[in-house]
Amino acid sequence: QVQVVESGGGLVQPGGSLRLSCAASGRSFSGNTMGWFRQAPGKQRELVATISSGGSTNYADSVKGRFTISRDNAKNTVYLQMNSLKPEDTAVYYCRPALTYWGQGTQVTVSS
């Protein structure tokens, strides 16, 4: 059975940093494009960043230059380093290690 567990969310002041982790188990995702999405209250879920099996990355314009996605295939884990956080980054962040698998989400709140 596949399990996807995000961690690392929390409350941070504007300008601060957080690192999200997503650990997947039950099968290997080394051949899949892995991604992070987020959903703010009252808004649709949106793409934040993806990383291909070969390491190519893609970012939403709103996070370019501030967020970095990375992966460790040996650990079946994908990370999201978030720097220079803004209040508008507040959302529940979801990991998607492959098209049909989602984590339960982790809350990120950016507020002073």
Side-chain angles (χ1 to χ4, degrees):
Q1 183 177 355
V2 173
Q3 289 190 319
V4 181
V5 180
E6 300 102 333
S7 61
L11 173 63
V12 63
Q13 292 186 342
S17 298
L18 283 174
R19 188 190 194 211
L20 305 183
S21 299
C22 170
S25 60
R27 54 156 280 191
S28 172
F29 292 96
S30 61
N32 294 94
T33 293
M34 306 176 84
W36 286 95
F37 293 73
R38 67 186 181 187
Q39 187 166 17
K43 295 188 176 181
Q44 290 188 330
R45 191 172 297 188
E46 63 176 3
L47 172 71
V48 175
T50 61
I51 183 166
S52 72
S53 58
S56 297
T57 58
N58 179 57
Y59 296 93
D61 288 343
S62 59
V63 306
K64 281 181 182 176
R66 301 188 297 121
F67 290 12
T68 302
I69 189 171
S70 61
R71 64 190 294 164
D72 184 335
N73 288 333
K75 296 182 178 179
N76 235 14
T77 299
V78 60
Y79 305 96
L80 186 68
Q81 177 67 44
M82 305 186 294
N83 299 328
S84 301
L85 282 161
K86 304 175 181 180
E88 51 263 44
D89 294 318
T90 295
V92 178
Y93 284 70
Y94 296 91
C95 170
R96 191 184 75 178
L99 282 176
T100 58
Y101 299 102
W102 290 90
Q104 81 289 346
T106 185
Q107 176 70 47
V108 172
T109 302
V110 185
S111 175
S112 54

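Every value quoted in this text rests on a predicted model; they were computed, and no experiment measured them.
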S.K.: Could you tell me whether K86 and D89 make a salt bridge, using a distance below 4.0 angstrom between a side-chain N and a carboxylate O?
M.R.: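 No.
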
S.K.: Please report the interatomic distance CE(M34) to OG(S52), rounded to the nearest 0.5 Å.
M.R.: 11.5 Å

S.K.: Could you go through the side chain to side chain contact (heavy atoms under 4.5 Å, CB included) check for T90 and Q107 one step at a time?
M.R.: CA-CA 8 Å; T90 295; Q107 176 70 47; 4.0 Å; yes

S.K.: Do L11 and V92 belong to the same hydrophobic cluster, where Ile, Leu, Val, Met, Phe, Trp and Tyr are linked whenever their side-chain heavy atoms lie under 4.5 Å apart, directly or via other members?
M.R.: no

S.K.: Nearest heavy-atom pair of N32 and A98: which atoms, and what distance?
M.R.: ND2-CB, 3.7 Å

S.K.: On a heavy-atom basis, which atom in R71 and which in T33 lie closest, and how many Å separate them?
M.R.: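 Minimum heavy-atom contact is NH1-CA, 4.4 Å.
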
S.K.: Compare every heavy atom of N83 with every heavy atom of S17, then report the nearest pair and how far apart it is.
M.R.: OG-OD1, 2.9 Å

S.K.: So, T109 and S111: side-chain donor and acceptor under 3.5 Å apart, yes or no?
M.R.: no

S.K.: How long is the gap from OG on S30 to NZ on K75, to the nearest 0.5 Å?
M.R.: 15.5 Å

S.K.: If we ignore hydrogens and angles and just use 3.5 Å, is the side chain of N76 paired with the main-chain N or O of A24 as donor and acceptor?
M.R.: yes

S.K.: Quick one: pull up CE in M82 and OG1 in T68 and give me the separation to the nearest 0.5 Å.
M.R.: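 Here the rounded value is 11.0 Å.
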
S.K.: If I compare all heavy atoms of K64 with all of Y59, which pair ends up nearest, and what's the gap?
M.R.: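 Heavy-atom minimum between the residues: CE-O, 3.4 Å.
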
S.K.: How close do A91 and R38 get, counting heavy atoms only, and between which atoms?
M.R.: CB-CB, 3.8 Å

S.K.: Is any side-chain heavy atom of Y93 closer than 4.5 Å to a side-chain heavy atom of E6?
M.R.: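 Heavy-atom side-chain distance check fails, nothing below 4.5 Å.
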
S.K.: Could you grab the distance from atom CZ of F67 to atom CG of L20, nearest 0.5 Å is fine?
M.R.: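 One finds 8.0 Å between CZ of F67 and CG of L20.
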
S.K.: Quick one: do V108 and Y79 end up in the same hydrophobic cluster if we chain Ile, Leu, Val, Met, Phe, Trp and Tyr together by side-chain heavy atoms under 4.5 Å apart?
M.R.: no

S.K.: For residues W36 and V4: do they belong to one hydrophobic cluster (side chain heavy atoms under 4.5 Å, members Ile, Leu, Val, Met, Phe, Trp, Tyr)?
M.R.: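 Yes, one cluster joins them.
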
S.K.: Under 4.5 Å between side-chain heavy atoms, hopping through other hydrophobics if needed: is there a path connecting Y94 to I69?
M.R.: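 Different clusters: Y94 never reaches I69 through Ile, Leu, Val, Met, Phe, Trp or Tyr contacts under 4.5 Å.
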
S.K.: For atom CD of E88, decide whether the heavy atoms of other residues, nucleotides or ligands shown that lie under 6.0 angstrom number more than 12.
M.R.: yes

S.K.: With the 4.5 Å side-chain cut-off for hydrophobic clustering, are V5 and F29 part of the same group?
M.R.: no

S.K.: Grab the two heavy atoms, one from A49 and one from L80, that are nearest each other, plus how far apart they are.
M.R.: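 The pair with the smallest heavy-atom distance is CB-CD1, 4.3 Å.
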
S.K.: Check whether F37 forms a cation-pi arrangement with R96 (NZ or CZ under 6.0 Å from the six-membered ring centre, at most 45° off the ring normal).
M.R.: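 No; the conditions do not both hold, so R96 does not lie above the ring face of F37.
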
